Amino acid sequence: LSSKEKYKIGFSQCTTGDDWRKSMHREMMIELAFYPDFELVIKDANDNSEQQINDIRQLLDEEIDLLIVSPNESEPITPIVEEVYNSGIPVIVIDRQIASEAYTAYVGANNYLIGKEAGDYAVKLLNGKGKIVEITGLQGSSPAINRHNGFMEVISQYPDIELVASESGKWNYSDSKTVMQNFLDQKLDFDLVFSHNDRIARAAYEIIDANNIGEKFILGIDGLLGDDGGIEDVIDGKIDATFLYPTGGAEAIQLAAKILNKQPFDRINILETVVIDNNNAKILKLQYEAVDDLQGKIEDQKSVLENQIARFKSQRSFLIVVLVLLAAI
Ligand code: FRU
């Protein structure tokens, strides 16, 4: 391929419904403004691994130059990703991992570390003594496995801290509400909820609040801005802390550009995380709002530019028609 041609990037997303994925797409679109010769095609697997395999096959049929994939579950998605990679198409794995090394590059935060940091935070809140319930992400998806394992590594060192229950909320709000309600129906005694994302944390908070069982500590993960985001829930005192889980959208596009333009790149790109609690939630909110504002301006400028280009093109075709007509006279 010469660099003059348009590159087609296929993105197989495990799901597109939630704000975290929307924020990832927004980051990607803003970054793509710098690469006018890139076309991005996004397929939504709707939390379904079978669907995701079909999506990737379809992207192959559409002759993509590079695949970005966020695997719904690691094991079922691994063979198809290996197939793509072995056929010579570069593969960037983002956020969730596959169960093999057959990919060109990875971008995402370290979920094991996030689990450990959540564990440290839980120990601190509980003063080394107490009972914990955990609501995990989708079993079989790598962040759920790694967040759990990292958390356990820390709390298992404290004999007076006990994990009394762990169930999957499948990353979503409504399943997590059911799980939390079940915990209460079982009359489980607990002091803290470790939720694998902020939607789960919100669900846990609402069930606990509605059942008048007194305050419990709640930890989440993601740290998004916005009314439904974790930062707001920390500020509102609904949850005690959340851990920033950057989407990597911009980084994935930058990586794709380097790979397609045959420039050097890092194979493993680990994004930073940070704890968000009462000490920094407000300042982070202000900073993120400023960034959000700037992003909005970049998007506005992009659409102004696109309109001008479209106008220029139509004026140019009009002029050509006039010239052709004049020449004919
Ligand atoms: C978004 C999400 C996040 C979570 C991530 C894990 O779809 O559920 O809330 O941190 O996926 O892959």
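What you are looking at is a predicted structure, and each value in this text was computed from that prediction instead of being measured. First listed ligand is number 1; within each ligand, the first listed atom is number 1.
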query = N/O to N/O below 3.5 Å, does that happen between Trp171 and ligand 1?
reply = no

task = May I ask you to say whether Arg267 pairs ionically with Glu101, meaning some side-chain N is under 4.0 Å from a carboxylate O?
result = yes

task = If the plane angle is over 60° it's perpendicular, under 30° parallel, otherwise tilted; pick one for Trp20 and Tyr245.
result = parallel

request  = For the pair Arg202 and Glu232, find out whether any cationic side-chain nitrogen is under 4.0 Å from an anionic carboxylate oxygen.
outcome  = no

task = Look at ligand 1 and say whether Arg147 reaches it with a heavy atom at a distance under 4.0 Å.
result = yes

query = Which of the atoms in ligand 1, numbered in the order shown and given with their element, are less than 4.0 Å from a heavy-atom of Asp18?
reply = 1 (C), 7 (O)

message = Can you tell whether the side chains of Glu162 and Lys129 come within less than 4.0 Å, N to carboxylate O?
response = no

request  = Classify the side-chain pair Tyr103/Glu82 by whether it contains a donor and acceptor separated by less than 3.5 Å.
outcome  = no

query = Which residue owns the protein heavy atom closest to atom 10 (O) of ligand 1, what's the atom, and how far is it?
reply = Asp222 OD1, 2.7 Å

query = Is the closest heavy atom of His196 to ligand 1 under 4.0 Å?
reply = no

key: contact_flag Thr15 ligand 1 heavy-atom lt 4.0 Å   = yes

request  = Answer yes or no for Gly137: is there a heavy-atom contact with ligand 1 below 4.0 Å?
outcome  = no

query = Can you check whether Asp95 has an N/O within less than 3.5 Å of an N/O in ligand 1?
reply = yes

query = Nearest protein heavy-atom contact for atom 12 (O) of ligand 1: which residue, which atom, what distance?
reply = Arg96 NE, 2.7 Å

query = Between the side chains of Asp18 and Tyr173, is a donor N or O closer than 3.5 angstrom to an acceptor N or O?
reply = no

request  = Look at the rings of Phe151 and Phe194 and say which category their plane angle falls in: under 30° parallel, 30 to 60° tilted, over 60° perpendicular.
outcome  = parallel

ask   = Would you call Asp240 and Lys124 a salt bridge, using N to O less than 4.0 angstrom?
value = no

Proximal atoms of ligand 1 relative to Arg199 (non-hydrogen, under 4.0 Å) = 1 (C), 2 (C), 8 (O), 9 (O)

message = Looking at non-hydrogen atoms alone, which of Gln13, Met24, Arg21 comes nearest to atom 7 (O) of ligand 1?
response = Arg21

